[in-house]
Every structure is written in structure tokens, then in C-alpha cells.
Asks: 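Quick one: the structure is below, and I'll ask about it shortly.
Excluded from the calculations below are hydrogen atoms, water molecules and symmetry mates; all remaining heavy atoms, backbone and side chain alike, are included. Numbers for residues simply follow the sequence, beginning at 1.
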Amino acid sequence: MGGGTAQADGCYTWNRTLSQGASGEDVRQLQIRLSGYPGYGAVLGLDGEFGPATRSALVRFQQAYGLAADGVAGSATYSRIYSLQDDDCTPINFSYAELNNCNSTWSGGAVSAATAKANALVSMWKLQAMRHALGDQAIRVTSGFRSVACNNAVGGASNSRHLYGDAVDLGSGPHSLCRLAQQARNHGFNGILGPGYPGHGDHTHVDHRSSRFWSASSCGI
């Protein structure tokens, strides 16, 4: 794909231009990287089918990084993605270790270890998009995946999304907890709990539950 892709790529390499109507594993891999760009209140499906929602997410990604926003994934888009990811496919500003303070195996939760880890990867790409939208300042992760034992130890809800690997708790840092909760609405999180919701005065929780539940009354959500 020519110059500018020298770091291509320990994680995944795209070998064709992708546009609406395409399908396949390369589309699904692209969708994972675009999962933080679905638009307000939306969630991008990771189905390997390049439809209108994927095109819209790609346009938002291209706009966010100053690329030609044509909704077509070619060498410029791939170069940007390569520069945003590490060799284990995690985005450069987040890591598997950061999203799992519980164990090193990702086992013992409500889903298989592989599923929990895959869910966490998608969450990281959503957080990477959110981080960029907030001026590329750090987002502090305080809790991610939990096994049943780890969840019980911290008094988590018995059906906590942390058991699925798709929940992340965020602490205040450069951004307030409310700013994080408000921004998360744009980045594919069905679950957002923050200040004003019981037990969430000291963190903002984001997850990918099956339907939308946003509650952070102190933040106007």
C-alpha cells in the first residue's frame, strides 16, 4: 500500500480497499477499530457487513483524524489505524493489563476467557475514540474485567457487565466524571452510569449491555 505504512503491521493488515457493500473478516476487523465512532446513542454492529452505519462510522473516524472523509477505507485510513494500534491489536493508549486487574487469564467470568478478552478489546477501541475526542488527554481506568470471585470481593452486582469483560470503570483525571459520562454517549456504550446513580459517585461506568441504560443524574444524563 505504498509509503507511510512502514509499521504495517504486527496485528492485522488490510489487503484491499473497503467500501459499502463489502463483507468479510477484514470488514469486521475494520468495524472493531471504528466501534467508537457510531454517532450519538448508537452502537456499531460487528457483523462483517459494510453497510450504511459502517460507512457513517468510517466518515466520523476520517473526520476525527483529518483524512479525506469519503467513507472508503483505503491506504490513508489503514495507515492511521496502524499508527493507532499495538502489535496485540489493542489501541496505543490502552492495554489488556489495564482492563484486567483481576487475573491474567480472563477466566472465571460469565463468558469464556476468549469472549471476555474480545469484548475488552472493543471497549478499548471505544475508549480510544473517546480519548481522541477529548483532546488526547489520558483516561484513567480503575476497573475492567472481573471473575465472579473478583466481582464478589469488590461487592459488584451479581449480573455485573464486568463479568463479561465489556465494562470499564473510569476515574477522574484530566476530565471530570461527568465529562466522561457525557462524552461516552457518542462512542457506542449502551450502559453509562455515573455521579447521581447509586454507588457511582467516585467513578463513571461504561459498558455494552444489550439495550441502552444511561443514568448519571448529577451530570444531566
Asks: I'd like to check Val168 versus His205 (side-chain heavy atoms, cut-off strictly below 4.5 Å). Are they in contact?
Replies: no
Asks: Return the minimal non-hydrogen interatomic distance between Leu121 and Pro91, and the atom names on each side.
Replies: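 Minimum heavy-atom separation between Leu121 and Pro91: CD1-CD, 4.5 Å.
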Asks: Are Val111 and Val43 joined in one hydrophobic group, where the rule is that I, L, V, M, F, W and Y side chains link up if heavy atoms are under 4.5 Å apart?
Replies: no
Asks: If you compare all heavy atoms of Ala138 against all heavy atoms of His175, which two are closest, and at what distance to 0.1 Å?
Replies: O-CD2, 3.9 Å
Asks: To the nearest 0.5 Å, tell me how far Thr90 OG1 sits from Met124 CE.
Replies: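 If I round to the nearest 0.5 Å, the distance is 5.5 Å.
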Asks: Any sub-3.5 Å donor-acceptor pair from Ser79's side-chain atoms to Ser75's backbone N or O?
Replies: yes
Asks: Do the side chain of Arg55 and the main chain of Asp70 share a donor and acceptor less than 3.5 angstrom apart?
Replies: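 Checked: pair present.
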Asks: About how many Å separate CZ of Arg161 and CG of Asn190, when rounded to the nearest 0.5 Å?
Replies: 9.5 Å
Asks: Measure the OG-CH2 distance between Ser123 and Trp125 for me, rounded to the nearest 0.5 Å.
Replies: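 With rounding to 0.5 Å, OG (Ser123) is 13.0 Å from CH2 (Trp125).
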Asks: Is there a side-chain contact between Thr115 and Lys117 (heavy atoms, below 4.5 Å)?
Replies: no
Asks: Check Leu177 against Ser172 and note the closest heavy-atom contact, atom names and distance.
Replies: CD2-N, 3.4 Å
Asks: Please test Thr13 against Asn15 for side chain to side chain contact (heavy atoms under 4.5 Å, CB included), starting from the C-alpha separation and ending with a verdict.
Replies: CA-CA 6 Å; Thr13 300; Asn15 296 312; 3.9 Å; yes
Asks: Just checking, any donor-acceptor pair under 3.5 angstrom between side chains of Arg33 and Gln85?
Replies: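 There is such a pair (donor and acceptor under 3.5 Å, judged by atom type) between the side chains of Arg33 and Gln85.
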Asks: Assess Arg212 against Trp214: is NZ or CZ under 6.0 Å from the centre of the six-membered ring, and within 45 degrees of the ring's axis?
Replies: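 Judged by the rule, Arg212 and Trp214 form a cation-pi pair.
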Asks: Would you say His162's side chain and Gly144's backbone share a donor-acceptor pair under 3.5 angstrom?
Replies: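 The answer is yes, because a donor-acceptor pair under 3.5 Å joins these two groups.
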Asks: Before giving the answer on side chain to side chain contact (heavy atoms under 4.5 Å, CB included), spell out for Phe50 and Asp26 the whole-Å C-alpha distance, their side-chain angles and the decisive distance to 0.1 Å.
Replies: CA-CA 10 Å; Phe50 197 130; Asp26 51 358; over 6 Å; no
Asks: Could you check whether any side-chain N or O of Ser160 sits under 3.5 Å from a backbone N or O of Gly156, counting only pairs where one atom can act as donor and the other as acceptor?
Replies: no
Asks: Does Asn151 reach the main-chain N or O of Arg146 with its side chain, forming a donor-acceptor pair under 3.5 Å?
Replies: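 Looks like no, no N/O pair under 3.5 Å.
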Asks: In terms of relative ring orientation, are Trp106 and Phe145 parallel, tilted or perpendicular, with 30° and 60° separating the classes?
Replies: tilted
Asks: Salt bridge between Asp47 and Arg28, side-chain N to carboxylate O under 4.0 Å?
Replies: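 Not counted as a salt bridge, because no side-chain N and carboxylate O are separated by less than 4.0 Å.
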Asks: Would Tyr40 and Leu180 show up in the same hydrophobic cluster when neighbours are defined by side-chain heavy atoms closer than 4.5 Å?
Replies: yes
Asks: Does any part of the side chain of Asp88, heavy atoms only, come nearer than 4.5 Å to the side chain of Tyr96, both counted from C-beta?
Replies: yes
Asks: Treat each ILVMFWY residue as a node, draw an edge where side-chain heavy atoms are under 4.5 Å apart, and state whether Val59 and Leu67 are in one component.
Replies: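 Val59 does not cluster with Leu67.
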Asks: Within a strict 4.5 Å, meaning less than it, do heavy atoms of the Leu170 and Leu127 side chains meet?
Replies: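 Of all side-chain heavy-atom pairs linking Leu127 with Leu170, at least one is under 4.5 Å.
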Asks: Keeping Ser56 on the side-chain end and Ala53 on the backbone end, is there a donor-acceptor pair under 3.5 Å?
Replies: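 No, the answer is negative, given that no donor and acceptor are paired below the 3.5 Å cut-off.
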Asks: Report yes or no: does Gln29 contribute a side-chain atom to a donor-acceptor pair with the main-chain N or O of Tyr12 at less than 3.5 Å?
Replies: no
Asks: Would you check, one step at a time, whether the test side chain to side chain contact (heavy atoms under 4.5 Å, CB included) holds for Ile192 with Asp207?
Replies: CA-CA 7 Å; Ile192 303 172; Asp207 67 43; over 6 Å; no
Asks: What heavy-atom pair brings Ala120 and Leu99 nearest, and what distance separates the two atoms?
Replies: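 Scanning both residues completely, I find the closest heavy atoms to be O-CD2, 3.7 Å.
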Asks: For a quick test of reading the model, state the closest non-hydrogen atom pair linking Leu46 to Ser35 and the distance between them.
Replies: CD2-CB, 4.4 Å
Asks: Is it true that a side-chain atom of Arg185 and a backbone atom of Gly41 form a donor plus acceptor pair closer than 3.5 Å?
Replies: no
Asks: Parallel under 30°, tilted from 30 to 60°, perpendicular over 60°: which one fits the rings of Tyr197 and His200?
Replies: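 Judged by the thresholds at 30° and 60°, the geometry between Tyr197 and His200 is perpendicular.
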Asks: Consider only side-chain heavy atoms of I, L, V, M, F, W and Y, link residues closer than 4.5 Å, and tell whether Trp14 and Val72 are in one cluster.
Replies: no
Asks: Report yes or no: does Thr204 contribute a side-chain atom to a donor-acceptor pair with the main-chain N or O of Gly194 at less than 3.5 Å?
Replies: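 No, because the side chain of Thr204 does not come within donor-acceptor range (under 3.5 Å) of the backbone of Gly194.
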Asks: For His208 and Tyr164, what are the C-alpha separation, side-chain angles and deciding distance, and is it a ring-ring contact (aromatic ring centres under 6.0 Å, His included)?
Replies: CA-CA 9 Å; His208 182 54; Tyr164 295 82; over 10 Å; no
Asks: Using side-chain heavy atoms (C-beta onward) and a distance below 4.5 Å, is Ile139 in contact with Asn93?
Replies: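 Result no, sub-4.5 Å side-chain heavy-atom pair not found.
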Asks: First locate atom CG of Asn119, then atom OG of Ser112, and finally report the distance between them rounded to the nearest 0.5 Å.
Replies: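 So the CG of Asn119 and the OG of Ser112 are separated by 8.5 Å.
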Asks: If hydrophobic clusters are built from ILVMFWY residues whose side chains come within less than 4.5 Å, do Val154 and Val141 share one?
Replies: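 Result: no, two separate clusters.
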Asks: Hey, are Asp166 and Lys126 close enough for a salt bridge, meaning a charged N less than 4.0 Å from a carboxylate O?
Replies: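 Not counted as a salt bridge, because no side-chain N and carboxylate O are separated by less than 4.0 Å.
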Asks: Atom CG of Asp86 and atom SG of Cys11: how far apart are they, to the nearest 0.5 Å?
Replies: 9.0 Å
Asks: How many angstroms lie between OG in Ser83 and CD1 in Ile92, if you round to the nearest 0.5 Å?
Replies: 6.5 Å
Asks: Is there side-chain contact between Thr77 and Gln62, with heavy atoms separated by less than 4.5 Å?
Replies: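 A side-chain contact exists here, since the closest heavy-atom pair is under 4.5 Å.
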Asks: Between Tyr65 and Ile81, is any pair of side-chain heavy atoms under 4.5 Å apart?
Replies: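 No. Closest side-chain heavy atoms not under 4.5 Å.
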Asks: Looking just at side-chain N and O atoms, do His187 and Gln183 make a donor-acceptor pair shorter than 3.5 Å?
Replies: yes
Asks: If you compare all heavy atoms of Ala73 against all heavy atoms of Leu30, which two are closest, and at what distance to 0.1 Å?
Replies: CB-CD2, 3.9 Å
Asks: Using the side chain to side chain contact (heavy atoms under 4.5 Å, CB included) rule, take Gln182 and Ile221 through it: C-alpha gap first, then chi angles, then the decisive distance, then the call.
Replies: CA-CA 7 Å; Gln182 291 159 354; Ile221 298 173; 3.8 Å; yes
